[in-house]
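Everything below concerns the one structure shown next.
Order of the sequence lines fixes the chain letters, A, B, ..., with proteins taken first and strands second; residue numbering starts at 1 for each chain.
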Protein chains: 2
Amino acid sequence: MATKYDRIAADLRQRIKSGSLKPGERMPAETSLRDTYGVSLVTMRRALDQLAAEGLIEKRHGQGTFVRIPRQRIRRTTERYQWEKDRVLCSEEDRRRTGATERDTGLELADLQFEAEYRECVADEEVAEVFKIPAGTKLLERIYRTRSSKEVAPFGIGRSLLVYDVAAKNPELLDSNNEPWPGGTQHQLSTIGVELDRIVDEVTARPPSAEEALALGIDAGVAVLVLRKISIDTTDRVVEVADVVLAGDRTEMAYTTKLRPWSEAERKIAAANVKQDDRA
Amino acid sequence: MATKYDRIAADLRQRIKSGSLKPGERMPAETSLRDTYGVSLVTMRRALDQLAAEGLIEKRHGQGTFVRIPRQRIRRTTERYQWEKDRVLCSEEDRRRTGATERDTGLELADLQFEAEYRECVADEEVAEVFKIPAGTKLLERIYRTRSSKEVAPFGIGRSLLVYDVAAKNPELLDSNNEPWPGGTQHQLSTIGVELDRIVDEVTARPPSAEEALALGIDAGVAVLVLRKISIDTTDRVVEVADVVLAGDRTEMAYTTKLRPWSEAERKIAAANVKQDDRA
DNA sequence: GAGTGGTCTAGACCACTGT
DNA sequence: CAGTGGTCTAGACCACTCC
């Protein structure tokens, strides 16, 4: 037999998906639901926690529990990087008009807000290995969050690391008043003579820490996507390492891998291999 | 003030990371820990659940709570797809020797086990849209899981969909006894005259369902990565849609985006844009 | 059977939000 | 202030594993 909280969660889940509980609507209070289902408060809360982890409901302390309005999903694509690189070649005016986040979300620039905070720090073992520099090297750390002005919670919170002495070639890069960097990171790097050759994205998933859940406006239990973005320039040097935490229920990463087409000769080899299999 | 369970979790987390609690070691029973920390059992369990969600400990019903042995992390790279395509051109013997999962994990083929199950099904609205076919079209559904024989839990569980009438061109593809498809999916597709042009990976994260948590051997709360892999052939037709669920604490996806290098002329434009900024 | 984690209860008190 | 969700308790009983 399934547990009580599983059955209650399944029942409420069905009621939300069928529309009998509507998005944005306030649900009955926990104590009321407890009486409805005839269980203890702890059991009732456990069922609700499960739905909150799935992103179906949202609890607001002091206000109530609400059926969640499906949130805008952000699709972050690979093409974004080439687009950023191309944009470096645009005029300043053109660059100011649009930003990468806007491209992903389809929002207007006016609807987007950035917050940034700059710090100096030193490379720990783990970061030093990625940069291929000695541990303890001075770094420029830039903490930022991107949000829509229509929603309180940011899409993601990020930390970008640059080697301090490299970034210092353009003192403007050290100044947090220049946020958001007009034209994106790749343009900023171009001001210090850096052209990117490739970007490596490493993606993992995990539950959020309490601070991350608070910052992203998600309930504990909702997963986050963790993206480490490593930018490598044309001299094969790691120039930026960025860690971004994205709300799992609002983000979709899309990566396209283009495959090398076969030559006529290769196509024949593939066909021959098929015949070989048929004999076996 | 932080909550009791947060402080207890933080304390145990520190003791695990510092090594005072060693990997594989059995921790004191919940009732014993409850007395140690002087809290109720519910609070103690809540702290432990937090650590289980982080993948630091593992609860085994009837046995105890164990410090988790850090698991082998699987790195799934973009290069894998080109490698699979190249492998179609290899001899059957070469292909049999190695598989894609092996490539990612570094394990020997003998250590890997596959399980597969074939079914016919029809396309629902959502899948039909991806395939760009009418809903209700007959599909070949292939459920599989990959695991190391050294670990009980599989790396991932997946579902691959092919248009039935397309796959039926080679009756061997309909036979589950041919698992694992020697040479990988791309080779199988080549037997029905399909050459892939590109693969789109869509990645999201969410908490696992109860069944997924069980199947992947992770505690509830550990996040899963959900990968939808869409294979498109040289005629721009969607030939395969695969959904793979991967344990978030054991999987890392790595995607490399190669950027188009600037021409000499473009490099000058980039430099000119920098001067423009300085004037502003 | 002894010991473990899993579920569940009834009730207390605290913290936050609105009016 | 009333009403909400958040934390915490002491204790009962069940399900699983191993001896």
[N] OP1/OP2 closer than 4.0 Å to side-chain N/O of [X]:
| X | N | result |
| --- | --- | --- |
| B/Tyr5 | D/dC8 | no |
| B/Lys59 | C/dG6 | yes |
| B/Arg46 | D/dT7 | yes |
| A/Thr3 | C/dG6 | no |
| B/Thr65 | C/dG5 | yes |

* Estimate the overall bend of the helix from C/dG1-D/dC18 to C/dG18-D/dC1 from the end axes over five pairs each, rounded to 10 degrees. =>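 Roughly 10° between the end axes, to the nearest 10°.
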Starting from [atom2] on [N], measure out to [atom1] on [X] and report it in whole angstrom.
| X | N | atom1 | atom2 | value |
| --- | --- | --- | --- | --- |
| B/Glu30 | C/dC8 | CD | C1' | 15 Å |
| A/Tyr37 | C/dT7 | OH | P | 19 Å |
| B/Asp35 | C/dT4 | CG | C1' | 15 Å |
| A/Arg45 | C/dC8 | CZ | P | 16 Å |
| B/Arg26 | D/dT17 | CZ | P | 15 Å |

Donor-acceptor pair, distance only, cut-off 3.5 Å: does the side chain of [X] make one with the backbone of [Y]?
| X | Y | value |
| --- | --- | --- |
| B/Glu212 | B/Ser209 | yes |
| A/Thr65 | A/Ala29 | no |
| A/Glu25 | A/Lys22 | yes |
| B/Ser32 | B/Pro28 | no |
| B/Thr251 | B/Ala247 | yes |

For B/Phe66 and B/Gly24, which heavy atoms make the closest approach, and how far apart are they?
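What the structure gives for the nearest pair is CD2-O, 3.7 Å.
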What is the minimum heavy-atom distance between A/Arg68 and A/Pro23, and which atoms define it?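 Scanning both residues completely, I find the closest heavy atoms to be O-CB, 4.0 Å.
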Nearest nucleotide by nearest heavy atom, which residue falls closer to the 5' end of DNA chain C, A/Asp6 or B/Leu48?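 In this pair, the answer is B/Leu48.
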Kindly write out the residues that satisfy side-chain hydrogen bond (donor to acceptor under 3.5 Å, both in side chains) with A/Asp6, not counting sequence neighbours, or none if the list is empty.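 Counting only residues at least two positions away or on another chain, A/Asp6 forms a side-chain hydrogen bond (donor to acceptor under 3.5 Å, both in side chains) with A/Thr3, A/Gln50.
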- [ ] Carefully, step by step, assess B/Lys59 and B/Glu30 under the rule salt bridge (charged side-chain N to carboxylate O under 4.0 Å, His left out).
- [x] CA-CA 10 Å; B/Lys59 298 176 158 196; B/Glu30 293 179 340; 3.4 Å; yes
Protein-proximity profile, nucleotides 9-19 of chain C, B/S/- by nucleotide at the 4.0 Å heavy-atom cutoff, equals BB----BBBS-
